[in-house]
Amino acid sequence: VTDHEEIRQLTARYNLAFDTHDVEEFVACFTEDCTFRFVNSGVVLSGHADVRHAVQNAKSDGRHCTSDFIIEINGDRARQRCQLTELGMDNGRAVVRRYGRYVDELVRVDGAWRFRTRELTYG
Amino acid sequence: VVTVDAMTARSDIVDLLAAIALTCDWGTLDEYLALLNTDAVWEMPANDDLGLPATRRAGHAEIAAGVRERRGVGLQGPGSNTIHVVASSAIYITSDTEACARSAWMYYGRVDGQLTLKAAGRYDDRFVRGLDERWRLRHRTVSFI
(Lines give C-alpha, C1' and ligand atoms only; values in the text may rest on other atoms or scores of the structure.)
Protein backbone atom coordinates (compact mmCIF):
# COMPACT_ATOMS: atom_id res chain seq x y z
CA VAL A 1 0.00 0.00 0.00
CA THR A 2 2.83 2.39 0.84
CA ASP A 3 4.55 1.98 -2.53
CA HIS A 4 1.28 2.34 -4.40
CA GLU A 5 0.49 5.60 -2.59
CA GLU A 6 4.04 6.91 -3.05
CA ILE A 7 3.72 6.35 -6.81
CA ARG A 8 0.31 8.03 -6.92
CA GLN A 9 1.84 10.98 -5.02
CA LEU A 10 4.75 11.13 -7.47
CA THR A 11 2.23 11.26 -10.30
CA ALA A 12 0.25 14.03 -8.57
CA ARG A 13 3.44 16.05 -7.97
CA TYR A 14 4.39 15.56 -11.63
CA ASN A 15 0.99 16.98 -12.71
CA LEU A 16 1.26 19.89 -10.28
CA ALA A 17 4.86 20.69 -11.24
CA PHE A 18 3.94 20.86 -14.91
CA ASP A 19 0.86 23.01 -14.29
CA THR A 20 2.72 25.42 -12.00
CA HIS A 21 5.80 25.46 -14.25
CA ASP A 22 8.04 24.20 -11.44
CA VAL A 23 10.83 22.98 -13.70
CA GLU A 24 13.15 21.47 -11.10
CA GLU A 25 10.33 19.64 -9.28
CA PHE A 26 9.19 18.31 -12.65
CA VAL A 27 12.66 17.09 -13.67
CA ALA A 28 13.12 15.49 -10.22
CA CYS A 29 10.22 13.15 -10.97
CA PHE A 30 12.45 11.32 -13.50
CA THR A 31 15.62 9.26 -13.27
CA GLU A 32 18.72 10.69 -14.94
CA ASP A 33 18.49 8.06 -17.70
CA CYS A 34 14.77 8.49 -18.32
CA THR A 35 12.94 8.36 -21.60
CA PHE A 36 9.57 9.97 -22.23
CA ARG A 37 7.84 8.92 -25.43
CA PHE A 38 4.83 10.66 -26.94
CA VAL A 39 3.33 7.81 -28.90
CA ASN A 40 1.12 9.84 -31.26
CA SER A 41 3.86 12.20 -32.46
CA GLY A 42 6.79 9.85 -32.06
CA VAL A 43 8.72 12.46 -30.05
CA VAL A 44 11.09 10.93 -27.49
CA LEU A 45 12.78 12.86 -24.68
CA SER A 46 15.93 11.27 -23.27
CA GLY A 47 17.47 12.22 -19.94
CA HIS A 48 17.06 15.21 -17.64
CA ALA A 49 18.38 17.73 -20.17
CA ASP A 50 15.68 16.87 -22.72
CA VAL A 51 12.94 16.83 -20.07
CA ARG A 52 14.08 20.19 -18.65
CA HIS A 53 14.21 21.78 -22.09
CA ALA A 54 10.76 20.44 -22.96
CA VAL A 55 9.05 21.64 -19.79
CA GLN A 56 10.79 25.03 -19.90
CA ASN A 57 9.30 25.57 -23.35
CA ALA A 58 5.91 24.02 -22.66
CA LYS A 59 2.68 25.97 -22.38
CA SER A 60 1.28 25.29 -18.92
CA ASP A 61 -2.04 27.04 -18.47
CA GLY A 62 -4.18 23.98 -17.83
CA ARG A 63 -4.73 21.27 -15.24
CA HIS A 64 -3.52 17.70 -15.61
CA CYS A 65 -5.58 15.10 -13.76
CA THR A 66 -4.73 11.42 -13.53
CA SER A 67 -6.97 8.59 -12.40
CA ASP A 68 -7.67 4.85 -12.59
CA PHE A 69 -4.22 3.79 -11.48
CA ILE A 70 -3.08 0.23 -12.05
CA ILE A 71 0.23 -0.25 -10.26
CA GLU A 72 2.34 -3.40 -10.10
CA ILE A 73 5.30 -3.45 -7.73
CA ASN A 74 8.25 -5.76 -8.24
CA GLY A 75 10.88 -4.95 -5.61
CA ASP A 76 12.52 -1.65 -6.54
CA ARG A 77 10.77 -1.57 -9.90
CA ALA A 78 7.16 -0.84 -10.71
CA ARG A 79 4.81 -0.46 -13.65
CA GLN A 80 1.93 1.99 -13.67
CA ARG A 81 -0.90 2.58 -16.06
CA CYS A 82 -3.27 5.49 -15.58
CA GLN A 83 -5.64 7.78 -17.44
CA LEU A 84 -4.98 11.45 -18.17
CA THR A 85 -7.58 14.19 -18.43
CA GLU A 86 -6.16 17.55 -19.45
CA LEU A 87 -8.37 20.53 -18.65
CA GLY A 88 -8.13 24.07 -19.94
CA MET A 89 -10.08 27.18 -20.84
CA ASP A 90 -11.60 27.93 -24.26
CA ASN A 91 -13.27 31.30 -24.72
CA GLY A 92 -13.71 31.62 -20.97
CA ARG A 93 -15.20 28.17 -20.50
CA ALA A 94 -13.64 25.11 -18.88
CA VAL A 95 -13.07 22.34 -21.38
CA VAL A 96 -11.45 18.93 -21.58
CA ARG A 97 -8.58 19.65 -23.94
CA ARG A 98 -7.21 16.15 -24.27
CA TYR A 99 -7.36 12.77 -22.70
CA GLY A 100 -4.94 9.90 -22.86
CA ARG A 101 -3.15 7.08 -21.14
CA TYR A 102 0.23 6.79 -19.48
CA VAL A 103 2.24 3.60 -19.31
CA ASP A 104 5.14 4.07 -16.89
CA GLU A 105 8.12 2.12 -15.68
CA LEU A 106 9.43 3.31 -12.34
CA VAL A 107 12.45 2.58 -10.20
CA ARG A 108 13.18 3.30 -6.56
CA VAL A 109 16.28 5.48 -6.24
CA ASP A 110 17.60 6.29 -2.75
CA GLY A 111 14.24 5.32 -1.29
CA ALA A 112 12.14 7.46 -3.64
CA TRP A 113 10.20 6.35 -6.70
CA ARG A 114 11.04 8.01 -10.03
CA PHE A 115 9.80 7.60 -13.59
CA ARG A 116 12.31 5.77 -15.73
CA THR A 117 10.09 5.58 -18.78
CA ARG A 118 6.81 7.28 -19.55
CA GLU A 119 4.73 6.62 -22.64
CA LEU A 120 1.83 8.95 -23.28
CA THR A 121 -0.82 8.08 -25.84
CA TYR A 122 -3.48 10.68 -26.48
CA GLY A 123 -6.97 9.48 -27.30
CA VAL B 1 8.48 17.07 13.45
CA VAL B 2 6.28 14.40 11.94
CA THR B 3 5.71 11.33 14.10
CA VAL B 4 2.28 10.37 12.75
CA ASP B 5 2.28 7.71 10.08
CA ALA B 6 2.47 9.83 6.92
CA MET B 7 0.82 7.20 4.77
CA THR B 8 -2.16 6.90 7.11
CA ALA B 9 -2.42 10.68 7.29
CA ARG B 10 -2.37 10.99 3.49
CA SER B 11 -5.01 8.30 3.19
CA ASP B 12 -7.18 10.11 5.75
CA ILE B 13 -6.82 13.36 3.81
CA VAL B 14 -7.69 11.69 0.49
CA ASP B 15 -10.85 10.42 2.21
CA LEU B 16 -11.52 13.89 3.64
CA LEU B 17 -11.18 15.55 0.22
CA ALA B 18 -13.61 13.04 -1.24
CA ALA B 19 -16.03 13.49 1.65
CA ILE B 20 -16.01 17.28 1.25
CA ALA B 21 -16.86 16.92 -2.45
CA LEU B 22 -19.53 14.29 -1.83
CA THR B 23 -21.26 16.11 1.03
CA CYS B 24 -21.12 19.34 -0.97
CA ASP B 25 -23.10 17.56 -3.68
CA TRP B 26 -25.28 15.14 -1.75
CA GLY B 27 -24.95 15.77 1.97
CA THR B 28 -26.68 17.87 4.56
CA LEU B 29 -25.17 21.15 5.63
CA ASP B 30 -24.28 19.66 9.02
CA GLU B 31 -22.47 16.73 7.38
CA TYR B 32 -20.51 19.18 5.24
CA LEU B 33 -19.60 21.49 8.13
CA ALA B 34 -18.43 18.56 10.27
CA LEU B 35 -15.52 18.17 7.83
CA LEU B 36 -14.38 21.76 8.30
CA ASN B 37 -12.57 23.17 11.33
CA THR B 38 -14.68 25.69 13.21
CA ASP B 39 -12.29 28.49 12.19
CA ALA B 40 -12.11 27.32 8.57
CA VAL B 41 -11.66 29.88 5.79
CA TRP B 42 -13.00 29.38 2.27
CA GLU B 43 -11.90 31.74 -0.51
CA MET B 44 -12.85 31.88 -4.15
CA PRO B 45 -12.25 34.45 -6.90
CA ALA B 46 -15.11 35.83 -8.96
CA ASN B 47 -16.43 33.68 -11.79
CA ASP B 48 -18.54 35.56 -14.31
CA ASP B 49 -19.57 32.39 -16.13
CA LEU B 50 -21.21 31.02 -12.98
CA GLY B 51 -22.32 34.45 -11.82
CA LEU B 52 -20.36 34.24 -8.60
CA PRO B 53 -18.61 37.20 -6.95
CA ALA B 54 -15.23 36.92 -5.23
CA THR B 55 -15.87 35.43 -1.81
CA ARG B 56 -14.10 35.00 1.50
CA ARG B 57 -15.96 33.13 4.24
CA ALA B 58 -14.53 32.60 7.70
CA GLY B 59 -15.99 30.20 10.25
CA HIS B 60 -18.87 27.76 10.08
CA ALA B 61 -21.62 30.39 10.12
CA GLU B 62 -20.27 32.33 7.12
CA ILE B 63 -19.41 29.17 5.18
CA ALA B 64 -22.88 27.76 5.85
CA ALA B 65 -24.41 30.99 4.55
CA GLY B 66 -22.38 30.61 1.33
CA VAL B 67 -23.50 27.03 0.85
CA ARG B 68 -27.14 28.02 1.39
CA GLU B 69 -26.78 30.78 -1.20
CA ARG B 70 -25.29 28.46 -3.85
CA ARG B 71 -27.82 25.74 -3.08
CA GLY B 72 -30.59 28.32 -3.16
CA VAL B 73 -29.84 29.24 -6.77
CA GLY B 74 -29.30 25.61 -7.83
CA LEU B 75 -25.55 25.82 -8.32
CA GLN B 76 -24.79 22.90 -6.02
CA GLY B 77 -26.27 20.37 -3.65
CA PRO B 78 -29.06 17.82 -3.80
CA GLY B 79 -31.39 18.39 -6.74
CA SER B 80 -28.94 20.55 -8.66
CA ASN B 81 -27.65 17.68 -10.82
CA THR B 82 -24.09 18.85 -10.29
CA ILE B 83 -21.03 17.02 -9.02
CA HIS B 84 -17.58 18.03 -7.84
CA VAL B 85 -14.69 15.70 -8.71
CA VAL B 86 -11.33 16.02 -6.95
CA ALA B 87 -8.24 14.41 -8.50
CA SER B 88 -4.45 14.34 -8.49
CA SER B 89 -4.02 15.53 -4.90
CA ALA B 90 -0.40 16.21 -3.97
CA ILE B 91 -0.44 15.94 -0.18
CA TYR B 92 2.25 17.15 2.22
CA ILE B 93 2.18 16.23 5.91
CA THR B 94 4.04 19.10 7.58
CA SER B 95 3.60 18.14 11.26
CA ASP B 96 1.58 15.82 13.45
CA THR B 97 -1.32 18.28 13.33
CA GLU B 98 -0.90 20.13 10.04
CA ALA B 99 -0.93 19.20 6.36
CA CYS B 100 -1.56 20.82 3.01
CA ALA B 101 -2.64 19.62 -0.41
CA ARG B 102 -3.03 20.91 -3.94
CA SER B 103 -5.67 19.17 -6.02
CA ALA B 104 -7.33 19.52 -9.38
CA TRP B 105 -11.12 19.83 -9.31
CA MET B 106 -13.88 19.57 -11.87
CA TYR B 107 -17.47 20.72 -11.58
CA TYR B 108 -19.99 19.04 -13.87
CA GLY B 109 -23.60 19.87 -14.47
CA ARG B 110 -26.25 19.98 -17.15
CA VAL B 111 -26.59 22.82 -19.66
CA ASP B 112 -29.61 22.48 -21.97
CA GLY B 113 -29.76 18.84 -20.91
CA GLN B 114 -26.18 18.12 -21.91
CA LEU B 115 -23.62 16.93 -19.38
CA THR B 116 -21.10 19.77 -19.27
CA LEU B 117 -17.82 20.58 -17.58
CA LYS B 118 -19.00 23.86 -16.07
CA ALA B 119 -15.79 24.84 -14.28
CA ALA B 120 -12.44 23.43 -13.20
CA GLY B 121 -9.36 24.52 -11.35
CA ARG B 122 -7.22 23.89 -8.33
CA TYR B 123 -7.81 23.70 -4.60
CA ASP B 124 -4.99 24.89 -2.35
CA ASP B 125 -5.92 23.41 1.03
CA ARG B 126 -4.59 23.39 4.57
CA PHE B 127 -5.71 20.87 7.16
CA VAL B 128 -5.49 20.45 10.92
CA ARG B 129 -5.73 17.30 13.00
CA GLY B 130 -7.82 17.70 16.13
CA LEU B 131 -7.56 16.16 19.56
CA ASP B 132 -9.99 13.50 18.31
CA GLU B 133 -7.26 12.61 15.74
CA ARG B 134 -9.52 13.55 12.83
CA TRP B 135 -8.24 15.76 10.04
CA ARG B 136 -10.41 18.73 9.04
CA LEU B 137 -10.15 21.43 6.41
CA ARG B 138 -8.86 24.72 7.83
CA HIS B 139 -8.32 26.80 4.70
CA ARG B 140 -9.35 26.38 1.09
CA THR B 141 -8.39 28.71 -1.73
CA VAL B 142 -10.25 27.91 -4.93
CA SER B 143 -8.81 28.91 -8.28
CA PHE B 144 -10.27 28.44 -11.74
CA ILE B 145 -7.95 26.54 -14.10
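Given the structure is predicted, the values throughout are model-derived calculations rather than measurements. All chains are named by letter (A, B, ...) in the order of the sequence lines, taking the proteins before the strands, and each is independently numbered beginning at 1.
- Interface remark: B/Ala87 contributes side-chain atoms only to the contact with chain A (heavy atom separation under 4.5 Å).
- The aromatic rings of A/Tyr14 and A/Phe36 lie tilted to each other, with the angle between the two planes from 30° to 60°.
- Looking at B/Asp39 and B/Asn37, their side chains do bring a donor and an acceptor atom within 3.5 Å of each other.
- A/Thr121 and A/Asn40 share no side-chain donor-acceptor pair at under 3.5 Å.
- Ring-plane geometry between A/Phe115 and A/Phe30 is classed as tilted, the angle between the planes lying from 30 to 60 degrees on a 0 to 90 degree scale.
- Contacts between residues 48-61 of chain A and chain B, counted as heavy-atom pairs separated by less than 4.5 Å, involve A/Asp61.
- Using modelled atom types, one finds a donor on one side chain and an acceptor on the other under 3.5 Å when comparing B/Gln76 with B/Arg70.
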Could you walk me through whether A/Arg108 and A/Asp3 pass salt bridge (charged side-chain N to carboxylate O under 4.0 Å, His left out), step by step? CA-CA 10 Å; A/Arg108 188 175 0 226; A/Asp3 288 330; 2.8 Å; yes
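- Counting heavy-atom pairs closer than 4.5 Å to chain B, the top-ranked of the candidates A/Asn15, A/Leu87, A/Thr11 is A/Leu87.
- Judged purely by distance below 3.5 Å, without hydrogens or angles, the side chains of A/Glu5 and B/Ser11 never pair a donor atom with an acceptor atom.
- Only the side chain of B/Arg10 has a heavy atom closer than 4.5 Å to any heavy atom of chain A.
- For chain B, the nearby part of A/Val95 is the backbone; its heavy atoms alone come within less than 4.5 Å.
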List the steps, then state whether side-chain hydrogen bond (donor to acceptor under 3.5 Å, both in side chains) holds for A/Thr66 with B/Ser88. CA-CA 6 Å; A/Thr66 36; B/Ser88 293; 3.2 Å; yes
